[in-house]
Number of protein chains: 2
Amino acid sequence: MDCAIEAIADVGLHRASLAEIARRAGITKQAIFYHFATRDALIHEVLAVVTKQGAEFMAARSRQEHTPADELRAYIEANVEYIGSHRERVKALVAIAMNFTDEDGRSRLLPLDASVYGDSLAPLQDILQRGQEQGQFVEFNTRTMAMSIRAAIDAIGPQLNAIGDLDLDGYARDLVELFDRATARVRA
Amino acid sequence: MDCAIEAIADVGLHRASLAEIARRAGITKQAIFYHFATRDALIHEVLAVVTKQGAEFMAARSRQEHTPADELRAYIEANVEYIGSHRERVKALVAIAMNFTDEDGRSRLLPLDASVYGDSLAPLQDILQRGQEQGQFVEFNTRTMAMSIRAAIDAIGPQLNAIGDLDLDGYARDLVELFDRATARVRA
DNA sequence: CGATTTTTTGACCGCACGGTAAAAACGTAG
DNA sequence: CTACGTTTTTACCGTGCGGTCAAAAAATCG
């Protein structure tokens, strides 16, 4: 599994052939078939493992915060930290999510897609809505705001690959400040 | 070229084989070789055509605005409109940008990468900086802000594919409002 | 030890890929 | 009609892919 993740992150999904994965693992291609019926099953397993690890990390990081604004800050910081400390896993996840399609180009992750978005976008939107209801946040479209926050977080991955000198802590601080300004009812 | 763009947008870069493109164009695979030395040359040509068309669209849309805040609004609106009205081209562009790698997994667009980012991120950062110098914008990291704005815009593509009922005009309005709040020195 | 699980060896299949040669069709000017 | 350059076709090649099969060889463990 580790070598599969590494291979996908390194050379992309469609170049991460069974032979390539086996080579990295120091085993033969046929040994993989003993444990996985097809290549698809392997990929699905990688996806399951990576998403599960991510969920566990986030669960461990989500301490109880007192206000929606604090929750939003914690959400951004935890996500940025996770991406920074699990670059390979995140890269593999993105590679699979973007390229695991059938002949018609449709995603093969539709059931999972919902859960992936559900696990990341829904709780975020929930934080925003509670913040508005409690009067801490100004009025805005919670869906657009949630999408923008996630997009800003997910943009880290490609940037990490493109430019090596990205200051993650600084980036997280900037994001927290940015979206605090965008959501806050009154200027701090 | 149109069929190549269509194929890449439809089934992804690595499934858009010469046979597939030829089939859509109603010609044989070998006819493509008469006009393009290799498949890579074809892809590069698609990339060049699409980016050029995009640049022309943006150039035509960038009317003279009076203040950095107006420029920022115009930038967001023009970009969202372009993505909405050129979904196929944008999809093909993203597919190529994300998957056009060599054996080592490195992007083959490094020279182009710089120009792609330069054409979209640099002018944005320039708007932000002028806004700060003129006192219309509050202090923030212009790079982080520029990345966040672009990320929020680029998130439209995947969302358009995932959910069909996305209201682009509304999304553009929300984004303008969001980043106006995030950048403005004083609350409107 | 013996039985079971796991891995290797090595050969093989059908397929789709990018790419190549040479021939055939085509358009057009003399 | 012919001759010539352009464009497209038919047929083919080598390669790597996912996947299969059978049997030998390790490794694991009660």
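All values below come from the heavy atoms of this structure, side chains included, with hydrogens, waters and symmetry mates left out. Quick note on labels: first sequence line is chain A, next is B, and so on, each numbered from 1.
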Discussion item. Without decimals, in angstroms, what is the distance between B/F36 CZ and C/dT20 P?
Written reply: 16 Å

Practice prompt. Calculate the interatomic distance between B/L42 atom CG and C/dG18 atom C1'; express it in whole Å.
Written response: 12 Å

Worksheet item: What is the 5' to 3' range of DNA chain D, first to last nucleotide, that sits under 4.0 Å from any heavy atom of chain B?
Response: D/dT6 to D/dA11

Practice prompt. Using atom NE2 of B/H14 as one end and atom C1' of C/dA16 as the other, report the distance to the nearest whole Å.
Written response: 11 Å

Fill in: Separation of atom CD1 in A/I27 from atom C1' in C/dT8, rounded to whole Å
11 Å

Worksheet item: Is any NZ, NE, NH1 or NH2 atom of the basic residue among B/E177 and B/R173 found under 4.0 Å from an Asp or Glu carboxylate oxygen of the other?
Response: no

Worksheet item: When all nucleic acid strands are considered with a 4.0 Å heavy-atom cut-off, which category describes B/S17: base, sugar-phosphate, or nothing?
Response: sugar-phosphate

Worksheet item: Rounded to the Å, how far apart are B/R39 CZ and C/dT20 P?
Response: 15 Å

Fill in: side-chain contact (heavy atoms from CB on, under 4.5 Å) partners of B/M1, counting only residues at least two apart
B/F36, B/L42, B/E45, B/V46, B/V49

Discussion item. From CZ of A/F33 over to P of C/dC12, roughly how many Å is that when rounded to an integer?
Written reply: 18 Å

Worksheet item: Thinking salt bridges, do B/R185 and B/E139 make one under a 4.0 Å N-O criterion?
Response: no

Response to the item:
Applying side-chain contact (heavy atoms from CB on, under 4.5 Å) to A/E133 and not counting sequence neighbours gives A/Q129, A/R130

Worksheet item: How many Å lie between CD1 on B/I21 and P on C/dC17, as a whole number?
Response: 10 Å

Discussion item. What contact category does B/G26 fall into here, base, sugar-phosphate, or nothing, at under 4.0 angstrom with non-hydrogen atoms?
Written reply: nothing

Fill in: Given A/K91, A/R24, A/R89, the one that forms side chain to side chain donor-acceptor pair (under 3.5 Å) with A/E6
A/R24

Discussion item. Between the side chains of B/E81 and B/R61, is the shortest nitrogen-to-carboxylate-oxygen separation below 4.0 Å, so that they form an ion pair?
Written reply: yes

Fill in: Length of the CD-C1' vector between B/E20 and C/dG18, whole Å
15 Å

Response to the item:
Sorted by position of nearest nucleotide on DNA chain D, 5' first, the leading residue of A/Q30 and A/A19 is A/A19

Worksheet, complete the sentence: What one should report as the nearest heavy-atom pair of B/A182 and A/L178 is CB-CD2, 3.8 Å

